[in-house]
Number of protein chains: 2
Amino acid sequence: MARAVSETHGEILAAAARRFAVTGYRGTSLQDIAREVGCSKATVLYHFANKEALLAELMAPAIAVLQDLDDQLTDLTGAAAQEVAATGFVDLAVRFRREIAVLRGEFPELLCQPPFAHIQRISERLRDALAGHSDRPGPRIAALVLLAGISEACAEFVDIPDDELRAALLTLVRRAIEPVDAHLPRQPTTEDKDS
Amino acid sequence: MARAVSETHGEILAAAARRFAVTGYRGTSLQDIAREVGCSKATVLYHFANKEALLAELMAPAIAVLQDLDDQLTDLTGAAAQEVAATGFVDLAVRFRREIAVLRGEFPELLCQPPFAHIQRISERLRDALAGHSDRPGPRIAALVLLAGISEACAEFVDIPDDELRAALLTLVRRAIEPVDAHLPRQPTTEDKDS
DNA sequence: TCAGGGTCTGACCGATCGGTCAGGCATGCT
DNA sequence: AGCATGCCTGACCGATCGGTCAGACCCTGA
């Protein structure tokens, strides 16, 4: 055997992503991942400190983008925040379909752990922004339905091209979201989104 | 101890519903349920043949209503099917919030078992009806987003009164769904959308 | 009084989980 | 040659899982 470290490391990561997306984090054993890679379970635990560290490394890119989106939202309010939240999350969900699928349904206990503790707060702020920071139940419910539904849709429609899926989701969100200010029409808000 | 059979039976059912809704089916052990009831794990398995039977009995009422909704949809097309699917599913999701929460995220393996095998087909038909039986990706994606999002929202907003939640969800669905022309069933407006 | 059925339990089972550990096997440097 | 280092593995560990089983504890009816 004796492959290059980066090679095996990456293979394990890819295999874990595939298995997690199908059977979930809890529903996938280290043995399953090792079998898919073609190595032993001990090898998996040689490259990753434990199962949770494997998940953390798998989610890191998506979490980084989510963090960026959250940073952008801190300075925005009203319709601008709605627009950035909508386009930002749709883009993120489409790009990281597989990672989103992993987290689907494993929230309550998994996201309380240290590596993911702040995700819940970020997603709450995201939902708040999408609801136009309204405290009425209508917009808040709509925001949750859309965010959760988009995650599910991205996890399900794996065979649709990125841009087509993104366009359909954005159209849906724009139609479904109540603009926060009636007299202030929704506009693209071409904020410079440097990365 | 020695409570009446129906009493303990119901208590186990209620405790299981509570635990499943929080930690999921796979994430809840029979020991957890027994601890919440205040009896032994063996007692749980005295009242229910196995863990899956416990889940099946828990979901039976919701599944029955879902089956009814599916039956109603078989004779409908176009806008009528959309309307019935929307109101029917929103009503179902609001009424069976806790049961919906259980199934959230445990789909791929759990719903393949005999007691739940037909749920997937029903939910596909439901999604199809909500999409106005269109084969364009836009409506189909929108239908999935809404169905999944509604499930998630009902599982999350446990403290909102039924009618308020139902009203908000129906408003959202009506705004988000593209109404299909009643006199033109399935108009192929897809003008070279392929990639 | 006693038999019998319904209810409940502790003890136990095999399987599987995440994780540890000592050591094998290459490779490369001195 | 000798040694160190990185990669990998089989064997093993304690914990927990779903599930089984013999028997204890009621209550009731004969």
Side-chain angles (χ1 to χ4, degrees), chain A residues 1-20 22-59 102 105-106 108-116, chain B residues 1-20 22-59 102 105-106 108-116:
Chain A
M1 305 295 179
R3 284 161 287 201
V5 52
S6 59
E7 192 176 334
T8 304
H9 193 90
E11 281 179 17
I12 294 173
L13 220 46
R18 263 173 279 141
R19 297 299 308 162
F20 285 166
V22 174
T23 50
Y25 176 73
R26 266 193 294 247
T28 302
S29 70
L30 295 176
Q31 196 73 255
D32 292 334
I33 298 169
R35 195 180 304 120
E36 181 135 341
V37 174
C39 67
S40 72
K41 187 181 68 172
T43 299
V44 175
L45 286 164
Y46 168 76
H47 285 279
F48 300 90
N50 49 46
K51 195 184 180 187
E52 190 182 304
L54 174 53
L55 176 66
E57 187 163 328
L58 198 63
M59 306 295 295
V102 173
E106 314 246 12
E109 289 190 348
L110 198 62
L111 291 195
C112 294
Q113 253 92 319
F116 317 104
Chain B
M1 306 293 179
R3 284 160 287 204
V5 52
S6 60
E7 192 176 333
T8 303
H9 193 90
E11 282 180 16
I12 293 173
L13 220 46
R18 263 173 278 140
R19 297 300 307 163
F20 285 166
V22 175
T23 50
Y25 175 73
R26 266 193 295 245
T28 303
S29 69
L30 296 177
Q31 196 73 258
D32 292 333
I33 299 170
R35 196 181 304 122
E36 180 136 340
V37 173
C39 69
S40 72
K41 187 181 68 170
T43 299
V44 174
L45 286 164
Y46 167 76
H47 286 279
F48 300 89
N50 49 44
K51 195 184 179 186
E52 190 181 305
L54 173 53
L55 176 67
E57 187 164 328
L58 198 63
M59 304 297 294
V102 173
E106 313 247 9
E109 289 190 349
L110 197 61
L111 290 194
C112 294
Q113 254 90 319
F116 316 104

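Proteins come first, then strands; the chains are lettered A, B, ... in the order of their sequence lines, and each starts at number 1.
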Exercise. Distance check: side-chain N/O of A/Tyr46 vs OP1/OP2 of D/dC7, anything under 4.0 Å?
Worked result: yes
For this session: Could you pull out all residues at least two apart from B/Leu13 that satisfy side chain to side chain contact (heavy atoms under 4.5 Å, CB included)?
Result: B/Phe48, B/Leu54, B/Glu57, B/Leu58
Exercise. Roughly how many Å is it from NE2 in B/His47 to C1' in C/dT7, rounded to a whole number?
Worked result: 7 Å
Dump the pairs, protein N or O against N or O of nucleotides 19-22 of chain C, anything under 3.5 Å, distances to one decimal.
from, atom 1, to, atom 2, distance (Å)
C/dG19, OP2, A/Lys51, N, 2.7
C/dG19, N7, A/Lys41, NZ, 3.3
C/dG19, O6, A/Lys41, NZ, 2.7

For this session: Starting at atom CZ of B/Phe48, determine the distance to atom C1' of D/dG18, rounded to an integer number of angstrom.
Result: 16 Å
Seminar exercise, completed: Students should find that the end-to-end axis angle of the helix from C/dT1-D/dA30 to C/dT30-D/dA1, with five pairs defining each axis and rounding to 10 degrees, is 30°
Exercise. Under the 6.0 Å and 45° cation-pi test, does A/Lys51 pair with A/Tyr25?
Worked result: yes
Seminar exercise, completed: Looking only at heavy atoms, the pair that brings B/Thr8 and B/Thr43 closest together is CG2-CG2, 4.2 Å
Problem set entry | ring-ring contact (aromatic ring centres under 6.0 Å, His included) involving A/Phe116 - partner list, sequence neighbours excluded | none
Problem set entry | d(CZ, B/Arg35; P, C/dT9) in whole Å | 14 Å
Seminar exercise, completed: The side chain to side chain contact (heavy atoms under 4.5 Å, CB included) partners of A/Ala49 (sequence neighbours excluded) come to A/Ala53
Exercise. Of the non-hydrogen atoms in B/Gly27 and B/Asp32, which two are nearest, and what is the gap between them?
Worked result: O-OD2, 4.1 Å
For this session: Ignoring backbone atoms, establish whether A/Ser40 has a side-chain N or O less than 4.0 Å from OP1 or OP2 of D/dT9.
Result: yes
For this session: Looking only at non-hydrogen atoms, find the nearest pair between B/Thr28 and B/Ile33 and report the distance.
Result: CG2-CG1, 3.8 Å
Seminar exercise, completed: Atom OH of A/Tyr25 and atom P of C/dC17 are separated, to the nearest Å, by 13 Å
Exercise. Is the side chain of A/Thr23 donor-acceptor paired with the backbone N or O of A/Arg19 at a distance under 3.5 Å, no angle test?
Worked result: yes
Exercise. Whole Å only: how far is the CD atom of B/Glu7 from the C1' atom of C/dT7?
Worked result: 12 Å
For this session: Tell me what A/Ser29 touches on the nucleic acid: a base, only sugar-phosphate, or nothing, going by heavy atoms under 4.0 Å.
Result: sugar-phosphate
For this session: Would you mind reading off the distance between B/His9 atom NE2 and C/dC8 atom C1', rounded to a whole angstrom?
Result: 15 Å
Seminar exercise, completed: Sequence neighbours excluded, the answer for side chain to side chain donor-acceptor pair (under 3.5 Å) partners of B/Glu36 is B/Arg18
Exercise. Is there a side-chain polar atom (N or O) of B/Thr8 under 4.0 Å from OP1 or OP2 of C/dC8?
Worked result: yes
